[in-house]
Amino acid sequence: MSKSKFFSVLQSEIDRIDSAKTSKRNEKLITGFTDDPSPRAIINGKPVLVFNSNDYLGLRFHPALKEAEHEASSKFGTGPGAVRFISGTLAVHRELEEKLAAFHGRDDAIVFSSAFAANNAVIFSLIAGQSKDSLVSNDVLVISDELNHRSIIDGIRLANLPKEQRAIFAHMDVDDLERVLKENTGKFSRALIITDGVFSMLGEIQHLQRIREIADRYDCSYPQGILLLVDDAHGIGALGKGHGTEDIENTKSDILIGTLGKALGSDGGYVTADQVIIDYLRESAATYIYSNSISPGTAGAGIAAIELLRGNDGQKLLKKLNDNIALFKKMAAENGFTMAADSWHPIQPLLIGDPERTKQLVALLMDKNILVTSINYPVVAKGKDEIRIQLSALHTSEDIEELITALKEAQETIAF
Ligand SMILES: Cc1ncc(COP(=O)(O)O)c(C=O)c1O
């Protein structure tokens with residue numbers, strides 16, 4: 001049968017990935033969590049300290065979120081039942097959108113099944129229009145940071161714009177962004193600048209204030225103006241007062257993409273912006289129109305997360321997270337560890353440099369009941385293989401000491 005040849009093509013690609021030691025499919029199976037206040041997962045029957053979760057505030061275990069999730073699913077059922085424009089717009093969805101918009105100081109918000117789905121459809125809609133009848137032309141220049149998240153890259157790819165309409169600026173290089181805007185002045189009706197707020201491999205925080213300033217300065221050089229889109233999936237709920245990179249950089253984007261699935265302890269993605277943008281997205285974003293929204297329970301948990309973040313309890317968790325970042329950085333420096341970047345985010349990247357040693361280090365730490373992730377090519381450049389440590393507000397100083405001690409002991413076996 002010829003389909004066996006199809007299978008063998010796929011198998012040879014799996015073999016290639018395996019031999020490059022960059023395989024991801026043998027995931028660790030978490031069978032539960034302990035009742036410990038620290039984040040401890042049960043893997044192979046033993047509790048391990050989790051240092052690789054995006055749940056930066058520990059909200060996924062918070063009783064207020066669990067209760068809100070339960071209440072919403074009791075009232076509305078376990079699934080949305082239909083896409084939004086059919087019968088899938090439930091009061092919890094709208095309440096969540098209103099809360100998100102108010103939290104970020106915007107007119108409105110729109111919720112997607114994930115931030116990945118949001119990026120794909122939002123970027124496509126803004127640069128390619130909705131259909132062949134669309135009044136939104138594609139006479140647009142898209143400018144993207146070199147290390148933007150895969151969902152942004154795919155959103156741009158989907159639109160299939162000619163090459164000259166797609167520009168990449170060097171990673172976090174604001175001067176290079178200005179060069180692109182200058183060189184393209186007079187060539188396009190409008191421009192869309194897209195960047196991550198926090199870059200998830202290194203925990204770097206984008207220079208948003210400088211980007212905003214440049215976007216505003218060049219706005220009148222493009223007849224239909226320039227919009228700044230920021231995906232702050234890792235910043236929201238982890239930086240500043242919880243509004244993310246915008247708090248740290250004291251500025252605002254035109255279109256802010258977030259996720260409920262990281263620091264906000266629930267699941268799903270969202271966009272918040274001026275009313276006209278949100279109205280346009282409800283008419284054009286394919287993953288909103290043709291795909292289910294999040295389940296009612298998930299939306300309920302999202303509402304509880306925003307309420308918590310706005311209050312004292314949320315702010316205390318943010319403070320604890322910040323203290324943990326400072327403690328980890330201090331101990332890592334005292335022990336002479338080389339970090340892949342100087343991050344002031346809960347993502348702390350320990351530079352190892354090759355896939356073999358990162359894998360060995362993950363295994364050694366696992367033996368010491370510590371769970372971390374190795375990040376390898378193609379997610380990071382070759383030679384930049386790292387252990388991505390992710391801190392949480394739930395970690396105690398003893399947990400962080402335990403991690404540092406385990407890393408020091410591992411250094412006796414593996415050089416890094
Ligand atoms: C910058 C960025 N954007 C989007 C996403 C996707 O988020 P979600 O899990 O909600 O799809 C991620 C997650 O890895 C991310 O790091």
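No hydrogens, no waters, no symmetry mates; every other heavy atom, side chains included, goes into these values. Each ligand, and each atom within it, is numbered from 1 in the order the structure gives. Residue numbers count from 1 along this sequence.
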Margin query: Walk me through whether N376 and S374 qualify under side chain to side chain donor-acceptor pair (under 3.5 Å).
Written below: CA-CA 6 Å; N376 308 102; S374 66; 3.3 Å; yes
Check: Name the residues in contact with ligand 1, where contact means a heavy atom under 4.0 Å away: which are they?
Finding: S114, A115, F116, H149, S151, D196, S200, D231, A233, H234, T259, K262
Check: Using 30° and 60° as the class limits, which term best fits the ring planes of F33 and F61: parallel, tilted or perpendicular?
Finding: perpendicular
Identify the heavy atoms of [X] and [Y] that sit nearest to each other, and give their distance.
X	Y	answer
L49	R40	CG-NH1, 3.5 Å
I193	L181	CD1-CD1, 4.1 Å
A263	A238	CB-N, 4.3 Å

Note to self: Here's a test for you: under side chain to side chain donor-acceptor pair (under 3.5 Å), which of D232, D145, N148 qualifies with Q206?
What the structure shows: D145
